[in-house]
Amino acid sequence: MRSTDRFSDVLDAARGGEEWAITALWRTYQPALLRYLRSSCGGAAEDVASEVWLSIGGKLSKFKGEEPEFRAWLFTLARRRTIDQHRRTARAPLPVAELPEAAIDQLDAEVERRQALDEALRLLERLSQDQREVLLLRVVAGLEVDQVAEMMGKRPGTVRVLHHRALKQLANCGVTPGTDRTVSQGEDAIAA
Amino acid sequence: MRLQRDTQTEPLALDPVDELTEAERLRVDALLDALVQPRLEFELAGQDEAVGAIAARVRPRRSRPRVEVPRISLGFLIPRRPAAGLAVAACLFAATTGAAFAGVLPSAAQRVAHRAFDRLGVHVPGGAQHADGPQAPSGGGGATGGGVSSTARDRSTSGRDKGAKVSNTASHGTSKAGDDHGNPADPAGPPEATGNGDPAAGDGSDNGQGTTHSQAGSGNGQGATHSGGQGQPGGGQGHSGGGEPSTPPAKGGGSQSGAKGTGGKGTHSAQ
């Protein structure tokens with residue numbers, strides 16, 4: 001989305017089926033959506049993201065609000081889809097999806113960033129489901145405490161506590177994503 | 001992303017920064033930075049397909065073909081100019097009034113016109129005169145069902161006399177009902193007239209019996225109507241004396257079925 005574009009203008013154009021506007025929305029929110037879903041749905045993240053976007057497209061004409069409301073709406077739909085996905089699979093969230101092989105061919109910097117992202121998402125698996133969800137919605141989705149509280153059906157104070165505990169637990173895990181290696185990785189290397 | 005105190009928006013929030021060591025803070029910062037780093041290329045894979053699918057979901061509402069429903073324009077009913085409208089209205093009124101005076105309007109409309117003009121003192125035929133059934137022949141002397149009905153309702157007479165009166169009214173005095181034709185109830189006097197008449201001379205069918213007087217005159221006698229002496233094959237029922245076989249049936253033949261009191265049933269079935 002170009003900085004000169006007002007969000008409402010882009011949204012209006014997207015409602016009218018303008019591909020440039022839909023592309024702008026998709027490119028802006030897809031990365032965060034995919035990261036949220038990769039942590040929540042594992043390997044089904046891309047499929048669920050597609051469902052979310054199709055749902056967005058179908059209901060876009062009825063949406064009213066600005067950028068914060070749109071962001072909250074997007075992740076609300078994503079969360080519902082995640083719950084549906086969990087019901088379908090009837091099991092715990094899948095491990096973080098592995099990167100496609102094509103990633104190897106990309107630039108080193110890109111690869112490092114992707115590895116850091118994967119490692120961070122993998123670390124989130126150590127959190128409880130509520131902690132992980134609060135952290136993702138607050139950090140990745142960029143939602144306010146009140147929005148997260150409403151989305152999760154919890155009080156804002158509870159959301160703050162969950163957020164705090166999540167950060168504390170991540171700080172104690174002894175891993176720095178992208179800059180350090182886990183003990184298990186070192187062990188694996190030695191064993192190899 | 002750096003952990004920062006947000007005391008303005010979250011004054012009561014627990015501040016994790018205070019509880020973290022420097023090393024822990026660096027770790028958390030690195031983790032959060034990894035989570036919110038700029039988009040990666042692989043995250044935008046399949047952009048064209050995704051945008052196309054979304055646009056397809058958005059567009060149907062916009063590009064749904066409109067179904068053109070033909071509209072019936074009633075504009076022709078609205079006159080373009082007031083003068084023309086007045087002229088049309090005047091023509092319609094004149095035509096309707098003329099039709100009302102001619103009595104050719106449908107019965108309901110004719111009755112309405114009758115009442116409306118009656119208030120103005122202008123006589124317009126009522127719809128009842130030709131509303132139901134065939135109209136009374138003019139040759140019948142204008143005896144209407146209403147007249148017969150009122151006669152039938154008259155309680156000043158009863159029995160045979162009343163029947164004769166009704167029959168006379170219906171036949172304009174030509175009926176011979178009530179004449180002494182003998183006593184039909186007398187077993188000693190068998191009917192004589194049966195078979196004397198020429199069946200071809202007149203049908204003499206008496207279809208006014210019973211129904212006519214049972215409704216109008218509360219069961220006034222069978223003898224009130226007669227067939228004018230016209231014998232019926234196998235007839236002679238209640239007609240002793242036979243009367244005048246050669247006499248053609250009176251107009252109306254004494255048989256009439258129009259005494260139902262509806263005012264419109266004054267038909268004469270005698271041929």
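Chain A is the first sequence line, chain B the second, and so forth, proteins listed ahead of strands; every chain is numbered from 1.
In this structure, the portion of A:L124 lying under 4.5 Å from any heavy atom of chain B is its side chain and not its backbone. For chain B, the nearby parts of A:L54 are the backbone and the side chain; heavy atoms of each come within less than 4.5 Å. Interface residue A:T23: backbone and side-chain heavy atoms are both found under 4.5 Å from chain B. With a 4.5 angstrom heavy-atom cutoff, A:A21 does not touch chain B via any of its atoms.
Annotation: maximal heavy-atom pairing with chain B below 4.5 Å, among A:P31, A:A14, A:G157, A:A49, occurs at A:P31.
Between A:S61 and B:V58, the closest side-chain pair of non-hydrogen atoms is not below 4.5 Å. Within the 4.5 Å cutoff, the side chain of A:R113 has heavy atoms near those of the B:P38 side chain. Proximity of A:R114 to B:E41: side-chain heavy atoms (C-beta onward) are nowhere separated by under 4.5 Å.
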Chi angles and distances behind the side-chain contact (heavy atoms from CB on, under 4.5 Å) call for B:V51, A:W53: CA-CA 9 Å; B:V51 170; A:W53 279 111; over 6 Å; no
Trace of the side-chain contact (heavy atoms from CB on, under 4.5 Å) decision for A:R35 with B:L35: CA-CA 8 Å; A:R35 290 169 194 177; B:L35 288 176; 5.8 Å; no
Steps toward side-chain contact (heavy atoms from CB on, under 4.5 Å) verdict (A:L170, B:R27): CA-CA 8 Å; A:L170 288 175; B:R27 285 194 203 103; over 6 Å; no
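The distance from atom CD of B:E43 to atom CG of A:L33, rounded to the nearest 0.5 Å, is 10.0 Å.
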